[in-house]
Peer 1: 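Take a look at this one; I'll ask things after.
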Amino acid sequence: MYASREDIGYDFGDDSKVGSKPINPNPNIDGGWAWMIVLSSFLVHILIMGSQMALGVLNMEWLEEFNQSRGLTAWVSSLSMGITLIVGPFIGLFISMCGCRKTAIIGGILNALGWILSAYASNVHYLFLTFGVTAGVGSGMVYLPAVVMVGQYFQKRRALAQGLSTTGTGFGAFLMTALLKYLCTEFGWRNAMFIQGAISLNLCVCGALMRPLSPKDVSEKYVVRSNSEDNQAKGLSHSAETIKSNGVLSEEPDKKEETTNEEVLDCVQHIEIGAKSRSGRNMYGLRILKTVSQLTVTVRKGFAVWYSSYFGAASLFTNRVFVAFIIWALFAYSSFVIPFIHLPEIVKQYNLSSQDNIFPLTSIIAIVHIFGKVILGIISDLPCISTWNVFLMANFTLVTCILTLPLMQTYIGLAVVCALIGFSSGYFSLMPVVTEDLVGTKHLANAYGIIICANGISALLGPPFAGWIYDITHKYDFSFYISGLLYMVGIIFLLIQPCIQKKQPREKSSEEAQ
């Protein structure tokens with residue numbers, strides 16, 4: 001029923017045993033500073049994804065303050081969540097040009113600015129711009145580097161590292177829900193947003209911790225992964241050739257560009273040496289010229305890598321399993337976001353507010369979500385377990401819970417379903433691992449940018465759609481049923497594509513035999 005490791009060409013073996021020549025990587029890979037990267041990513045998930053999961057508290061405040069429809073008000077939360085993820089491909093361009101550290105620091109400042117400006121909102125449309133767009137773009141500029149850096153620093157324990165770092169979402173949802181409730185009660189929602197903006201400046205500190213690896217260390221890690229993929233991707237020759245061609249096709253243009261760029265810089269340096277005897281004013285102008293030339297070289301090189309990944313001959317879209325993964329992402333994320341945004345309203349409808357105030361259902365999801373990410377990460381790192389199969393089983397469990405949730409009208413029933421939603425949604429920690437296995441470390445930033453962009457579209461449209469359905473039917477039941485069925489369609493795409501990929505090599509081999 002499920003695709004095996006060989007079916008999708010994944011690397012599930014022990015990378016240390018691959019290759020005849022011993023490779024001595026940087027000691028910070030899988031240890032040392034790598035754990036500081038995990039800590040940085042963990043804090044990013046608390047401050048960004050955790051805050052977004054707690055927006056149900058602010059959503060109720062906005063409904064009372066601005067007296068707008070639930071569908072319109074839900075757009076504020078959806079814009080923030082959606083834009084955080086939708087800007088992924090463009091943040092990939094920033095990472096290619098500036099690196100993860102600078103991108104994250106700029107994003108931290110922008111995110112804090114969005115929260116602070118939102119404290120002065122006079123209507124919902126103002127929040128669309130300040131909180132939805134400004135804070136959303138800032139969040140995206142911190143979130144993607146946090147995920148990519150963990151992928152770069154870990155080789156053997158990638159699933160566990162991603163699981164530990166992304167548990168920040170669960171901790172953040174639990175902590176930020178309690179914090180925002182307290183701040184709104186004590187100081188009002190406007191001052192609460194102002195204080196949250198000040199707290200968000202800590203994202204700049206998280207960005208500063210993202211120390212980049214040297215190109216030599218990244219290339220050594222990439223060589224190890226490439227060798228492992230060559231040994232285990234025999235079942236998917238077409239897909240494997242596509243992924244390999246991505247590396248090969250993009251190397252020669254890079255070399256040509258590097259040669260041209262070096263010639264430009266050498267020319268500038270020769271002019272600078274020849275002009276040492278001239279006045280200081282001319283030297284100052286030459287230094288500016290050199291700086292501009294270096295900046296131009298960096299921008300051109302970064303844009304070339306970004307463009308080739310999306311639109312060039314080595315496009316990621318030539319990998320069919322990756323395309324199926326994108327289609328799944330378009331439907332999946334809204335099914336997880338909708339309960340967080342609308343559960344407080346559902347609890348209120350069922351007259352369960354007194355029990356929910358003691359232990360909120362969103363907090364149950366958040367706490368179990370933490371254990372789900374760690375446990376699924378540990379299971380996926382076992383040599384006898386397929387990450388792909390764990391990923392699919394978690395998805396099946398989650399979609400079943402989404403379709404079952406409207407049938408539960410007691411607090412205990414809702415609590416059980418919410419606990420299962422929290423555990424099964426732990427598969428989010430496996431998404432970067434699955435993406436890296438599909439396209440390799442070299443293309444991780446751009447590929448994962450596409451995946452979270454698809455998730456962002458899902459998060460952007462899901463909660464407003466649920467609010468719109470409620471405005472028509474005065475029930476949330478149909479919202480969960482429709483989102484669950486669309487989610488199931490995405491899972492079917494994940495199941496079908498590896499089977500097609502597996503069938504193609506068999507057909508080719510039979511034709512060659514004839």
Side-chain angles (χ1 to χ4, degrees), residues 48-49 52-53 55 59 71-94 107 114 127-129 131-144 147-148 166 169 306 309-311 315-317 319 321-342 391 395 398-399 402 425 427-428 431-432 434-435 438-439 444-469 479-494 497:
I48 290 180
M49 307 310 289
Q52 291 183 349
M53 292 300 145
L55 288 179
N59 191 61
L72 182 65
T73 307
W75 271 105
V76 180
S77 304
S78 295
L79 275 174
S80 179
M81 293 180 181
I83 290 179
T84 296
L85 304 175
I86 288 172
V87 296
F90 305 101
I91 304 305
L93 174 60
F94 273 93
L127 287 171
F128 289 167
L129 181 62
F131 191 76
V133 177
T134 307
V137 171
S139 298
M141 293 182 73
V142 186
Y143 175 68
L144 183 58
V147 175
V148 170
T166 54
T169 302
W306 179 82
S309 294
Y310 293 133
F311 310 109
S315 173
L316 293 166
F317 296 107
N319 185 340
V321 181
F322 181 69
V323 172
F325 197 35
I326 296 171
I327 295 171
W328 164 84
L330 282 170
F331 299 118
Y333 200 67
S334 63
S335 299
F336 178 67
V337 172
I338 288 174
F340 269 100
I341 301 299
H342 296 293
F391 181 76
N395 272 274
L398 181 56
V399 74
I402 295 298
S425 60
Y427 75 77
F428 289 141
M431 284 173 57
V434 171
T435 306
L438 277 172
V439 302
L444 177 60
N446 291 324
Y448 196 66
I450 297 171
I451 296 300
I452 65 173
C453 177
N455 275 336
I457 295 171
S458 181
L460 181 67
L461 300 178
F465 172 76
W468 178 67
I469 292 293
S479 304
F480 285 95
Y481 293 144
I482 295 171
S483 64
L485 290 173
L486 291 174
Y487 189 4
M488 184 64 75
V489 170
I491 296 173
I492 291 171
F493 267 96
L494 289 181
Q497 195 57 48

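As the structure is a prediction and not an experimental result, all values here were calculated from the model.
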Peer 1: Taking S77 for its side chain and Q52 for its backbone only, find out whether a donor-acceptor pair lies under 3.5 Å.
Peer 2: no
Peer 1: Working to the nearest 0.5 Å, report the span between CG of N395 and CD1 of I491.
Peer 2: 4.5 Å
Peer 1: Say you draw a straight line from CE of M81 to CG of N455; how long is it, rounded to the nearest 0.5 Å?
Peer 2: 12.5 Å
Peer 1: Hey, does T166 have a side-chain heavy atom less than 4.5 Å from the side chain of M431?
Peer 2: no
Peer 1: Could you pull out all residues at least two apart from F131 that satisfy ring pair (Phe, Tyr, Trp, His ring centres under 6.0 Å)?
Peer 2: W62, W115
Peer 1: How long is the span from the CD1 atom in I402 to the CG atom in L485, to the nearest 0.5 Å?
Peer 2: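 So the CD1 of I402 and the CG of L485 are separated by 11.5 Å.
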Peer 1: Please find the pair of heavy atoms, one from V147 and one from P432, that lie closest to each other, and give the distance.
Peer 2: CG1-CG, 3.6 Å
Peer 1: Name all residues meeting the ring pair (Phe, Tyr, Trp, His ring centres under 6.0 Å) criterion together with Y481; count only those two or more places apart in sequence or in a different chain, and write none if there are none.
Peer 2: none
Peer 1: Using the side chain to side chain contact (heavy atoms under 4.5 Å, CB included) rule, take N59 and V76 through it: C-alpha gap first, then chi angles, then the decisive distance, then the call.
Peer 2: CA-CA 8 Å; N59 191 61; V76 180; over 6 Å; no
Peer 1: Side-chain contact, heavy-atom cut-off 4.5 Å: I327 with F493?
Peer 2: yes
Peer 1: With rounding to the nearest 0.5 angstrom, report the OG1 to CZ distance, T134 to F128.
Peer 2: 13.5 Å
Peer 1: Any chance you could measure Y143, atom OH, to T169, atom OG1, to the nearest 0.5 Å?
Peer 2: 6.5 Å
Peer 1: So which atom in G136 and which in I83 form the shortest heavy-atom distance, rounded to 0.1 Å?
Peer 2: C-CG2, 3.8 Å
Peer 1: Any chance you could lay out the side chain to side chain contact (heavy atoms under 4.5 Å, CB included) test for F322 and I451, step after step, and finish with the verdict?
Peer 2: CA-CA 9 Å; F322 181 69; I451 296 300; 3.9 Å; yes
Peer 1: Roughly how far, to the nearest 0.5 Å, is the CD1 atom of I326 from the OG1 atom of T435?
Peer 2: 9.5 Å
Peer 1: In terms of relative ring orientation, are W328 and Y427 parallel, tilted or perpendicular, with 30° and 60° separating the classes?
Peer 2: perpendicular
Peer 1: As a test of understanding, state which of Y448, F90, F94 forms a side-chain contact (heavy atoms from CB on, under 4.5 Å) with L144.
Peer 2: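 The single option meeting the side-chain contact (heavy atoms from CB on, under 4.5 Å) with L144 is Y448.
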